[in-house]
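First the structure, in the form of structure tokens, and then the observations on it.
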Protein chains: 2
Amino acid sequence: MPPSPVPDEPLSTRQRILQAAAAQFARRGFHGTSTRDIAAEVGIRQPSLFHHFTTKQAMLAELLDRDLQPALERIRRHRGANPAVRLYAYLVEDVAALVASPFDVRGLYNDAVLEDPSLIEQRRAREALHAEMRSLVTDGIAAGEFRACDPEVARQMMTGMLLDTIWAAGVPADLDVGGRAKEVADFVLRGLLSDRGHVALVEREAMALATRPGRG
Amino acid sequence: MPPSPVPDEPLSTRQRILQAAAAQFARRGFHGTSTRDIAAEVGIRQPSLFHHFTTKQAMLAELLDRDLQPALERIRRHRGANPAVRLYAYLVEDVAALVASPFDVRGLYNDAVLEDPSLIEQRRAREALHAEMRSLVTDGIAAGEFRACDPEVARQMMTGMLLDTIWAAGVPADLDVGGRAKEVADFVLRGLLSDRGHVALVEREAMALATRPGRG
DNA sequence: GTCTATAGATCGATAGAC
DNA sequence: GTCTATCGATCTATAGAC
């Protein structure tokens, strides 16, 4: 468990703006959300937002950063392990992080907002994450663990699953995080592994990795 | 093969509007696309759009209908076959249809535009499609063909894969449709089947179904 | 740090000529 | 069936008082 902040400490206005923005982006998309919508949810007037963020896109940029940077750290964490185990551990950790996040990331990648020049840094981070995912698949195929398949196709399917899996999850309360995470990871592994008998073995090793403290 | 229209016949303005709208929705999302953007791509002025469609949402409604109705027919087509074969056949046919479609369907389900009251019919059609997908999974589990899993989770993963698979496909020219379709279907089947040895058998039967003429 | 007031741009859609 | 002209609403962001 990460050292979470004191739970009873009141959230800063800046933090509440980010949460409101993420929730609205998830519901209506970036362009479908107005700054008035966000301000109303926070409980302040629309121009007050611009004391905390220079533009509406700056809100999105920070939300993207707070999602992408930890994801990059997660996928790069277990460099030593073999590809199947690393992939399984990443998927479990990613689903868990997505569900546990105070921000609703589901709307961040929907519109093609990342094409905007002001978000070039975030677009590069996302491409780096995709490259890591492809690399994991490629390594697995080279190692004989995965069957031959197009790494980019596999990456797209994983991305789609990760985002869509939490799409309807909605209320975190009714969600068995661990169960959901392992279900996704199992599904992917079964789709990729060349030897199905290894599913149980990979899962055991990956869970040992995934539950390990930090990135040290 | 369906009786396709004469290829050289010039497209109606209405059809060109739909194609332009779909392309723009895919790039920028529904709310991120202005009617002026669409008109510019068609080569007419913005108010001229409203001779062909009463509202911007009516364009989206027709695009949704043209995607959802055939999909519903596809998934209901092979009622007699066993669940694994039906699922495989549906996935192959769906990917093929998505890629072959003159409309770019990728932006239609991104924003939560379906929540709009004027699109309630389309929302119901989409829910019916999701129910059919869940039903296929449930039937497969009951028949012992699929391992135990949450049908809604499986449905979400399939939806994510189907949409995301064609997301980056982009230019249809550089795409091996049949290969892509079978890759998605294989991935899903491997993720679901309780007995992996059946993958090849299911694929053979499903391809026989999928290439069969019509829905009779 | 939040407010009121408002600028300045863009949006979807209508009116009416041709 | 497409055009020009334009309405009224809504949008992001700024100015400046408190």
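Order of the sequence lines fixes the chain letters, A, B, ..., with proteins taken first and strands second; residue numbering starts at 1 for each chain.
Here D/dG1 presents its C1' atom at 14 Å from CZ of B/R14, a figure rounded to the nearest Å. Counting to the nearest Å, the P atom of C/dA9 and the CZ atom of B/R36 are 14 Å from each other. Between the CZ atom of A/R45 and the P atom of D/dA13 there is a distance of 19 Å, rounded to whole Å. Remark: P of C/dT2 and CG of A/L49 are 10 Å apart, rounded to the nearest angstrom. Distance CD1 (A/I38) to P (D/dC11): 11 Å, rounded to an integer number of Å. Atom CZ of A/F50 and atom C1' of C/dG1 are 15 Å apart (whole Å). Between the P atom of C/dA13 and the CD1 atom of B/I17 lies a distance of 13 Å, rounded to the nearest Å. In this structure, CD of B/Q46 is placed 7 Å from P of C/dG12, rounded to the nearest angstrom.
We find that B/R76 and B/E132 are joined by a salt bridge, their nearest charged nitrogen and carboxylate oxygen being less than 4.0 Å apart.
A residue-by-residue look at A/T54 and B/R16 shows that B/R16 has its nearest nucleotide of DNA chain D further toward the 5' end. When each of A/D37 and A/P47 is assigned the nucleotide of DNA chain D bearing its nearest heavy atom, the one mapping closer to the 5' terminus is A/D37.
Smallest separation of non-hydrogen atoms from A/L87 and A/V188: CD2-CG1, 4.2 Å. Of all non-hydrogen atoms in A/H52 and A/R14, the two that sit nearest each other are O-NH1, 3.0 Å.
Residue B/T13 places no side-chain N or O under 4.0 Å from the OP1 or OP2 atom of D/dG1. One finds a side-chain N or O of B/H52 lying less than 4.0 angstrom from the OP1 or OP2 phosphate oxygen of D/dT2. Applying the 4.0 Å criterion to OP1 and OP2 of C/dG1, one finds that A/H51 has a side-chain N or O inside that range.
Residue contacts shown for A/S12 are absent, as no nucleic acid heavy atom lies under 4.0 Å away. B/S34 comes within 4.0 angstrom of the backbone, heavy atoms only, and of no base.
Taking the side chain of A/T55 as heavy atoms from C-beta on, and the options D/dT2, D/dA13, C/dT2, the nearest nucleotide is D/dA13. The B/S48 side chain lies nearest to D/dC3 when the options are D/dC3, D/dT12, C/dT2. If you check D/dT2, C/dT14, D/dT12 against the side chain of A/K56, the one that comes closest is D/dT12.
No more than 12 heavy atoms of other residues, nucleotides or ligands shown are found within 6.0 angstrom of CD on A/E121.
Here the CZ atom belonging to A/R190 is positioned 13.0 Å from the CG atom belonging to B/L189, to the nearest 0.5 angstrom.
Every residue two or more places apart in sequence or in another chain that forms a ring pair (Phe, Tyr, Trp, His ring centres under 6.0 Å) with A/F25 is listed here: A/F30.
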All N/O contacts under 3.5 Å from nucleotides 16-18 of chain D to the protein, with atom names and distances to one decimal?
none

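Judged purely by distance below 3.5 Å, without hydrogens or angles, the side chains of A/R155 and A/T159 pair a donor atom with an acceptor atom.
A cation-pi contact, defined as under 6.0 Å to the ring centre and within 45° of the axis, links A/R126 to A/Y109.
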